[in-house]
S.K.: 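There's a structure below that I have some questions on.
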There are 4 protein chains.
Amino acid sequence: MSSQESILDLILKEEKNITNKQKKILIAAIEAFSDKGYAATSTNEIAKKAGVAEGTIFRHYKTKKDLLTAILTPLVHTLIAPFIVKDFFRKVLDLSYNTFEEFIRAIVYNRLEFLKKNQALFKILIQEIPFHEDLRELFKEQIAKKIFKRMEELVDSFKAKGEIIDIPTYSSIRLTVTSIFGYFIARYILLPEAKWNDEEEIETTIQFILYGLTPRK
Amino acid sequence: MSSQESILDLILKEEKNITNKQKKILIAAIEAFSDKGYAATSTNEIAKKAGVAEGTIFRHYKTKKDLLTAILTPLVHTLIAPFIVKDFFRKVLDLSYNTFEEFIRAIVYNRLEFLKKNQALFKILIQEIPFHEDLRELFKEQIAKKIFKRMEELVDSFKAKGEIIDIPTYSSIRLTVTSIFGYFIARYILLPEAKWNDEEEIETTIQFILYGLTPRK
Amino acid sequence: MSSQESILDLILKEEKNITNKQKKILIAAIEAFSDKGYAATSTNEIAKKAGVAEGTIFRHYKTKKDLLTAILTPLVHTLIAPFIVKDFFRKVLDLSYNTFEEFIRAIVYNRLEFLKKNQALFKILIQEIPFHEDLRELFKEQIAKKIFKRMEELVDSFKAKGEIIDIPTYSSIRLTVTSIFGYFIARYILLPEAKWNDEEEIETTIQFILYGLTPRK
Amino acid sequence: MSSQESILDLILKEEKNITNKQKKILIAAIEAFSDKGYAATSTNEIAKKAGVAEGTIFRHYKTKKDLLTAILTPLVHTLIAPFIVKDFFRKVLDLSYNTFEEFIRAIVYNRLEFLKKNQALFKILIQEIPFHEDLRELFKEQIAKKIFKRMEELVDSFKAKGEIIDIPTYSSIRLTVTSIFGYFIARYILLPEAKWNDEEEIETTIQFILYGLTPRK
DNA sequence: TATGAATGAGTGTTCATTCAT
DNA sequence: GATGAATGAACACTCATTCAT
């Protein structure tokens with residue numbers, strides 16, 4: 001499954017013929033943007049961190065904004081990848097994962113693993129989304145729409161089977177996604193220094209979603 | 001209940017003897033920080049928006065950072081106010097609200113109302129927390145600890161009564177808080193332009209938390 | 001007559017409430033632009049020459065281009081001033097200067113005196129005109145049209161009186177203006193280090209124009 | 001006569017073994033320098049316009065300044081060519097062109113034709129002369145001195161024959177040259193978009209010079 | 001010969017902050 | 001208390017030029 005990919009792998013997919021210096025720039029930019037925020041990071045800082053001349057950044061990325069885009073676009077694409085790849089859902093639907101629980105479990109583990117591997121990138125994405133119209137557009141188009149569409153089919157099928165309660169489909173999706181991301185944000189962004197028993201927290205989160213969305217007899 | 005308070009009320013509480021120009025500066029800063037982010041907002045911009053000279057800002061707030069602090073500190077204090085005010089919890093615990101459901105319902109309605117009234121402020125808080133050590137400290141000290149402490153007592157008492165399931169207390173709190181804020185963020189920050197049936201969403205969210213945390217017979 | 005005015009006088013007319021630093025900036029910019037050309041002059045250079053901080057320049061002039069405009073606009077206006085002021089031409093037409101010769105003599109002495117006093121400014125104007133659409137527009141609107149209009153009336157009246165030969169009016173104007181400016185450019189821009197007998201050259205130039213444009217019996 | 005030569009012809013004369021890419025660079029540089037000025041043109045721009053790599057420019061011309069020199073030197077040499085080629089003046093002096101009028105007519109038509117063919121180059125020359133010591137030196141040495149020397153002989157001979165008036169020789173030359181260039185500059189640099197009746201203007205200019213410099217009986 | 005990635009000094013401009021008025 | 005002119009460091013970005021390939 002694609003959950004093994006880390007930052008560079010996914011950027012390399014998007015941008016071919018990347019040079020060594022370009023790689024260094026991307027890594028430095030991700031670290032800096034993640035630490036201080038896009039607006040508070042200077043290109044000079046990135047250059048120093050990457051060990052290249054400031055001009056080199058602009059040879060590869062016309063503007064600082066372009067650099068941000070080059071970093072986040074692959075993330076968005078990879079974030080939604082499993083949802084648009086047929087195989088993932090065929091497994092979920094047709095084969096062994098045929099209960100809502102197993103679907104949730106698969107989704108949670110898969111995407112949390114992915115987010116964990118790309119913490120910095122993901123932090124940048126959620127920090128910058130409110131301030132960049134184009135990012136918001138990308139997010140809405142890719143994540144909101146595409147993920148929603150696939151999950152809608154699934155959730156509807158589970159609803160039909162009586163496996164989940166009768167609330168608006170988009171609400172169940174929102175509550176599911178919110179619980180997963182809520183854990184991620186608390187864990188890696190708000191309180192990264194706290195002690196976390198990750199396995200237990202994830203299980204608890206899965207159980208919470210299941211209890212929250214499945215009917216009581 | 002304290003849910004009626006809006007931006008200025010709560011700032012006025014913190015800062016006495018506020019002048020008219022100072023008020024204008026605060027309002028302008030909140031709007032600007034919320035729209036473009038703290039780092040991307042210039043003091044010149046704030047001055048123009050407030051209709052004062054740039055120097056005037058620095059007469060009242062030694063640095064731009066001080067201005068941010070002056071804006072966010074009252075928010076943090078007011079955000080946690082109901083949790084430390086005895087009355088609120090006496091009502092919850094001793095009087096009519098004696099089930100977990102009614103507690104959740106009270107909390108959700110009360111704090112969502114408050115967040116809605118202070119969207120801009122709250123947006124600034126969550127945007128800037130990751131980048132300012134002192135804000136994070138304030139947040140941890142005030143929100144995380146104080147809210148947690150009070151909720152812990154309550155959740156533990158509900159747990160003792162068998163009203164909620166046996167998962168770590170901090171996990172239940174996280175899941176609760178996450179679901180509430182998750183709605184708020186989706187509603188007001190990520191997809192503010194979408195059509196929302198607020199009443200239904202809130203009810204669904206409450207139900208989700210309840211189902212997620214209460215035991216099945 | 002207005003021929004006594006020098007650089008600052010004419011800029012002060014255009015821009016009221018000029019500060020001391022602003023004056024220094026203008027003087028430094030004029031010197032630098034004139035010496036090295038607009039594009040080859042850095043704002044840093046101007047700041048140093050003016051003895052102000054670089055930021056100060058941009059407090060008064062939003063862009064480097066604005067600074068150029070602030071310098072040249074008054075020149076253009078003052079250059080054409082005598083042609084649009086009624087008095088100047090009333091003197092020429094009604095009073096003592098009632099021959100073509102005296103008209104030419106008055107024009108030549110008056111404008112050459114003015115150009116000499118504002119050499120640097122004028123050099124900037126002719127150097128930059130080919131590269132700035134707006135300057136060209138200003139020049140065409142003000143100088144070409146307004147000067148032309150007034151001179152046309154006069155030349156036509158001299159033509160009617162048989163004082164000048166029957167060639168297209170605009171050609172006579174061009175040849176006159178070209179001869180005057182030609183002297184100025186050779187004298188002050190192309191070969192400023194050569195020895196010049198100014199009085200004789202000016203008289204020769206006047207005579208050349210007169211011979212060139214008046215009929216032979 | 002040499003008046004047929006255009007840009008490349010004259011550059012090719014100066015630089016042997018020119019490669020195809022080099023040609024493209026020269027053409028691109030001339031267009032760019034002429035449009036935006038030397039200082040405001042970047043080598044990157046020239047490279048793009050020429051369809052070569054930026055490094056290629058510096059392989060052929062050590063510096064940007066060298067490129068300018070490579071462009072202007074041939075112009076200067078060719079501009080004065082007819083004045084130093086014996087044949088041209090032998091024709092003028094010994095054969096049919098033995099009046100001042102015919103000399104002027106020949107000069108005007110010949111050099112205006114040449115300027116027209118090399119507008120861009122000539123525009124660069126007059127724009128850059130004030131800012132480059134070496135160009136000014138070249139200009140003075142070649143154009144001012146060599147042209148002056150030849151014209152001096154001629155003008156003196158015409159003066160001796162009583163064909164032109166008794167003013168300092170260098171003044172007559174200045175007035176002649178100024179009138180010719182004045183037309184060229186008005187025509188091609190200042191007001192290129194205006195409608196021009198070229199034939200008439202040139203005739204008028206010739207007549208003006210003749211009238212201006214020949215004695216009245 | 002030609003390339004284009006890389007450079008680092010330099011560009012015009014903005015910044016938060018100071019201070020005399 | 002309020003102003004806004006002044007600052008100079010920092011900003012994103014461009015420049016002419018170099019050099020390994």
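Letters go in sequence order (proteins before strands), and every chain restarts at 1.
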S.K.: C/K64 NZ to F/dT14 P: how many Å, rounded?
M.R.: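 Atom NZ in C/K64 sits about 15 Å away from atom P in F/dT14.
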S.K.: Tell me which of B/K21 and D/E54 sits closer to the 5' end of DNA chain F, going by the nucleotide each one is nearest to.
M.R.: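 The residue whose closest nucleotide sits nearer the 5' end is B/K21.
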S.K.: Is B/K49 close to B/I27 at the side-chain level, that is, under 4.5 Å between some pair of heavy atoms?
M.R.: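 They are not in side-chain contact.
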S.K.: To the nearest angstrom, how far is A/K48 atom NZ from F/dA10 atom P?
M.R.: 9 Å
S.K.: Using only atom types and a distance under 3.5 Å, with no angle test, would you say the side chain of D/T41 pairs donor to acceptor with the backbone of D/A32?
M.R.: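 Judged by distance alone, yes, a pair lies under 3.5 Å.
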S.K.: Does E/dA6 have a Watson-Crick or wobble partner in any strand here, with both distances under 3.5 angstrom, and which is it?
M.R.: F/dT17
S.K.: Take the protein atom NZ of A/K62 and the nucleotide atom C1' of F/dA12, then report the distance between them rounded to whole Å.
M.R.: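 Result: 13 Å.
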S.K.: Would you say A/S42 reaches F/dA10's phosphate, i.e. side-chain N/O to OP1/OP2 under 4.0 Å?
M.R.: no
S.K.: Going by heavy atoms in the side chains, are C/Y61 and C/T56 under 4.5 Å from each other?
M.R.: no
S.K.: Give me the first and last nucleotide of DNA chain E, going 5' to 3', that has any atom under 4.0 Å from a heavy atom of chain D.
M.R.: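 So the contact region on DNA chain E extends E/dT1 to E/dG4.
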S.K.: Round to the nearest Å and state the distance from A/E45 atom CD to F/dC13 atom P.
M.R.: 15 Å
S.K.: Whole angstrom is fine here: how far is it from OH in D/Y38 over to P in F/dC15?
M.R.: 13 Å
S.K.: Using whole Å, report how far CD1 of B/I46 lies from P of F/dG4.
M.R.: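 Value for this atom pair: 17 Å.
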S.K.: Is the charged tip of C/K36 near the ring of D/F131: under 6.0 Å from the six-membered ring centre and within 45° of its axis?
M.R.: no
S.K.: If you find the nucleotide of DNA chain E closest to D/I57 and the one closest to C/T63, which residue's nucleotide is nearer the 5' end?
M.R.: D/I57
S.K.: Starting at the 5' end of DNA chain E, which residue's closest nucleotide do you reach first, B/K65 or D/T19?
M.R.: D/T19
S.K.: Hey, which sits more toward the 5' end of DNA chain F by its nearest nucleotide, A/A39 or A/R59?
M.R.: A/A39
S.K.: When the distance from CD of C/Q22 to P of F/dG4 is rounded to whole Å, what number comes out?
M.R.: 15 Å
S.K.: When you check the gap from the basic side-chain N to the acidic O, do D/R136 and D/E133 get nearer than 4.0 Å?
M.R.: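 Yes, this pair counts.
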S.K.: What integer distance in Å separates A/Y61:OH from F/dT14:C1'?
M.R.: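 Rounded to the whole Å, the gap is 19 Å.
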S.K.: Side chains of A/K65 and A/H132, heavy atoms from C-beta outward: is any pair under 4.5 Å?
M.R.: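 A side-chain contact under 4.5 Å exists here.
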S.K.: Heavy atoms, side chains only, cut-off 4.5 Å: are A/L67 and A/T43 in contact?
M.R.: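 No; the side chains remain at least 4.5 Å from each other.
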